[in-house]
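Worksheet for the structure shown next.
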2 protein chains.
Amino acid sequence: MSRGNTRQRIQDVALELFADRGYEKTSLREIAEQLGVTKAALYYHFKTKEDLVASIFDDYAARPTDELIDWASDQPTSLETKLEILRRYSECLSGAEPLFRFMHENQAALRDLSIGERMKDRVLTLLDLIREEDAPLTDQVRCSSALFTMHSTMFTMRDTPFANDEKRQAALEVAQELVAAAHHGDPEG
Amino acid sequence: MSRGNTRQRIQDVALELFADRGYEKTSLREIAEQLGVTKAALYYHFKTKEDLVASIFDDYAARPTDELIDWASDQPTSLETKLEILRRYSECLSGAEPLFRFMHENQAALRDLSIGERMKDRVLTLLDLIREEDAPLTDQVRCSSALFTMHSTMFTMRDTPFANDEKRQAALEVAQELVAAAHHGDPEG
DNA sequence: GTCTATAGGTCGATAGAC
DNA sequence: GTCTATCGACCTATAGAC
């Protein structure tokens, strides 16, 4: 039962409950109960509730996203690079779907926590990498819509007859199309 | 000070706090304090906290959206109709921007409340009106992305040098473009 | 319509035993 | 590492006076 992986077991149970019921409605008592331990045991591994949720963010979202940003920063700012950024970001998302859904649905709750600001920083950095600074407003909307499309498609259309990977692929396609349209001006050609 | 408009003053202050600090973090005590009354006075006008937030939703979001849906249901399902639906929905959004932002950022908190389900119903109805049922997945993503683009553009890009109406117009343009692409198949022509 | 007062409960967090 | 026991703060909601 209780080996050296307790820390990660706490993270997993916490994420499941956070994503399912929301951050504020999930109490440390519930997390502890589901694990078969007490609240005090949680406090041995994590200093605070915020510390717990931040550690989940670090391990499952911040690290992969930072790697992507690091890679992208060394690339030329061509359309191909942008499309590849989207493709890799799509992979980040699918590797941590419950976490991203959780962050998406709990923006208000996370706003004052460090994780809210840190996630926002990363999305804005990605946005800077795929859009052109002096592009017209419509093109900027296309780029931010591209990122938002990938974010939201995983959570909406949940009761469609399509598989998750199909949806992710379709969202990526639409996102790439939006960025391509923003890259060389008018999509109608 | 206390005339017959107390009910709406409560709604306004509540919405402001809900949008600013989040639903769960806003207590009835705070709302009452900001109004210069006590919690008990709030309970005279609204049976519960959920009742209060539902009344705001009814007055500022449900009613305008239902009118739009009623109108749209009597129209032919042409591309022109769809584009007009988006245009009118954009107006709904701009007429109740703080409320929609609040709902967007507090999905997890509102999920178990009636308002969560009721908003979702309306968005799905709108989605049904602008997409084709047997369209390929990519086109369905385009349509849901169109709605999401309008939703999100008001809240993201908050520190851009563009005015709110400009952004709303740009979001509408991109949304219409997405639905047009979904309507007659391939956007590349 | 608004008040005071409080019931009845949950929360995050800590101290200290084992 | 995990436990029991508890603290102080805060919450929604209600009862009843004015």
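Residue numbers begin at 1 in each chain, while the letters A, B, ... track the order of the sequences. If you're wondering where the values come from, they're calculated on a predicted model, not measured in any experiment.
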Next on the checklist: Is there a side-chain contact between B:S27 and the phosphate of D:dC10, meaning an N or O under 4.0 Å from OP1 or OP2?
Outcome noted: no
Next on the checklist: Tell me whether the side-chain N/O atoms of B:R29 come closer than 4.0 Å to OP1 or OP2 in D:dC10.
Outcome noted: no
Checklist entry - B:K39 has a side chain; which of D:dT2, D:dT6, D:dA13 sits nearest to it? => result D:dA13
Checklist entry - Judged by modelled atom types alone, do A:S90 and A:R168 share a side-chain donor-acceptor pair under 3.5 Å? => result yes
Next on the checklist: Could you report the tightest heavy-atom contact between B:I85 and B:L68, atom names first, then the distance?
Outcome noted: O-CD2, 3.9 Å
Item to check | Nucleotide nearest B:L28 (side chain, heavy atoms from C-beta), chosen from C:dA13, D:dA13, D:dT2 | outcome: D:dA13
Item to check | Between A:Q140 and B:T160: side-chain donor-acceptor atoms closer than 3.5 Å | outcome: no
Checklist entry - Hey, is the side chain of B:T6 poking within less than 4.0 Å of OP1 or OP2 on C:dT2, counting only N and O atoms? => result yes
Item to check | Whichever of A:K25 and A:A40 has its nearest DNA chain C nucleotide further upstream toward 5' | outcome: A:K25
Checklist entry - From D:dC3, D:dT2, D:dA13, pick the nucleotide closest to the side chain of A:T38? => result D:dC3
Checklist entry - Which nucleotide in the list C:dG1, C:dG12, D:dT2 gets nearest to the side chain of B:H45? => result C:dG1
Checklist entry - Out of D:dT12, D:dG1, C:dT14, which nucleotide sits closest to the side chain of A:Y43? => result C:dT14
Checklist entry - Just wondering, are more than 12 heavy atoms of other shown residues or ligands nearer than 6.0 Å to NZ in B:K120? => result no
